[in-house]
There are 2 protein chains.
Amino acid sequence: MKTFSISEVAKELDLTVYTLRYYDKEGLMPFVERTPSGTRLFKETDIGALKIVECLKASGMPIKEIKNFIDWCSDGDSTLQQRYDMFVERKATVEAQMEELKKTMEIIEHKCFYYKTALEAGTEDIHKNNKIGSFD
Amino acid sequence: MKTFSISEVAKELDLTVYTLRYYDKEGLMPFVERTPSGTRLFKETDIGALKIVECLKASGMPIKEIKNFIDWCSDGDSTLQQRYDMFVERKATVEAQMEELKKTMEIIEHKCFYYKTALEAGTEDIHKNNKIGSFD
DNA sequence: GTTATACCTCGAGCCCACTCTAGGTTTCGG
DNA sequence: CCGAAACCTAGAGTGGGCTCGAGGTATAAC
């Protein structure tokens, strides 16, 4: 079976080898096998698992909670409920983040417009004259 | 003109007074006036400006870059172009974050389904039997 | 076979964004 | 006018997530 070195995996996932070893230290990859001399050998499935780790990270989950999930995976079917619940909760937090980001975007787009018109006028004052104290 | 104390502003923006004082220390609120004895007096417009700071923070901008923006604001119309460019660039990064979050969401939804069916079956094995090594 | 490169661990260091403590002053209700 | 609560500064401490240096072993290319 084909295996991959830590630097190959780092390149694939756009991480550094430092980061991968740090994840290992934090218990996020207990499944990765080693050569007799200690060199890590990553399988395709390991890379798949790390992609889930990255996904959870991208959802804003801290390393320690991701570790809980990994531990549950190691514990087998008895933890299926926890893992399901976790993903359902993640879904909710990501939805909230999307909402938040949408609001942020609206303000930023408004500011793009604000500065475009100000640039055209050569001064910000055109906005100040319209609505006093709006910080528009 | 009505003014607000630091704790009122903290409550309004859902921040701590510590955080607000930290922002001040970092130069994010050079516009906030003081009483002769040094107590900060926030105006409505100051709160508006802080909302923009929060917006930039929510867009992932680090404090130091937000400070640049605040400095540009103090410098007046000569920095209109920089500020416009900054918001256009912010727009792009927020768009990228939205894309990223969408991908994250897809994986999470897939996992919700994965665990829902596994729970119904009582074991994760039903997935393992379908696609070997997919970490689905 | 040797030399360069990649791998390893352990622990220290770094950066960011707060968060809090100590020690002090001010303001405000009764 | 007094005591509680809110304000202030300077600087130390915290937690998360890396990032790196030192010192050493292993493997691969020539």
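No experiment lies behind these values; they were computed from the predicted model shown. The analysis underlying the following values was restricted to heavy atoms, covering all of them including side chains, and did not include hydrogens, waters or symmetry mates. First the proteins, then the strands, lettered A, B, ... as listed; each starts at 1.
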For [X] and [N], give me the distance from atom [atom1] to atom [atom2], rounded to whole Å.
X     : N      : atom1 : atom2 : value
B:E26 : C:dC16 : CD    : C1'   : 10 Å
A:I6  : C:dT5  : CD1   : C1'   : 15 Å
A:L20 : C:dA6  : CG    : C1'   : 14 Å
B:L56 : C:dC16 : CG    : P     : 17 Å
A:L28 : D:dG16 : CG    : C1'   : 13 Å
B:D24 : C:dA17 : CG    : P     : 17 Å
A:K67 : D:dG17 : NZ    : C1'   : 17 Å
B:I66 : C:dC16 : CD1   : P     : 13 Å

Check this for me: does any side-chain nitrogen of one of [X] and [Y] sit under 4.0 Å from a carboxylate oxygen of the other?
X      : Y      : value
A:K102 : A:E99  : yes
B:K67  : B:E26  : no
B:K103 : B:E100 : no

- Cation-aromatic face contact A:K25/A:Y22, 6.0 Å, 45 degrees: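 So A:K25 doesn't make the cation-pi contact.
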- May I ask you to establish whether B:K2 and B:F4 are in a cation-pi arrangement, using a distance under 6.0 Å from NZ or CZ to the six-membered ring centre and at most 45° from the ring axis?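 The answer is yes; both the distance and angle limits are met.
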- Query: Base, sugar-phosphate alone, or nothing: which one does B:R21 contact when heavy atoms must sit under 4.0 Å apart?
  - Reply: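 The residue B:R21 makes base contact.
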- Task: Would you indicate, yes or no, if C:dC7 has its OP1 or OP2 atom less than 4.0 angstrom from a side-chain nitrogen or oxygen of A:S5?
- Result: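 Looking at the OP1 and OP2 atoms of C:dC7, one of them is under 4.0 Å from a side-chain N or O of A:S5.
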- Under 4.0 Å between a side-chain N or O of B:R34 and OP1 or OP2 of D:dT9?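 So the side-chain polar atoms of B:R34 do come within 4.0 Å of the phosphate oxygens OP1 or OP2 of D:dT9, strictly under.
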- Message: Protein within reach of the bases, or only the backbone? For nucleotides 18-30 of chain C, mark each nucleotide 5' to 3' as B, S or -, using heavy atoms under 4.0 Å.
- Response: BBBB----SS---
- Item | side chain to side chain donor-acceptor pair (under 3.5 Å) partners for A:E109, two or more places apart |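 With neighbours one apart ignored, the set is empty.
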- Task: Could you tell me which residues satisfy side chain to side chain donor-acceptor pair (under 3.5 Å) with B:K116, sequence neighbours excluded, listed by chain and number?
- Result: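 Only B:E120 meet the side chain to side chain donor-acceptor pair (under 3.5 Å) criterion with B:K116.
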- Message: Closest approach to the side chain of A:R40, judged atom by atom: which nucleotide of C:dC7, C:dT9, D:dC7 is it?
- Response: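 Of the candidates, C:dT9 comes closest.
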- Query: Nearest of C:dC7, D:dC7, C:dT9 to any side-chain atom of B:S7?
  - Reply: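 It is D:dC7.
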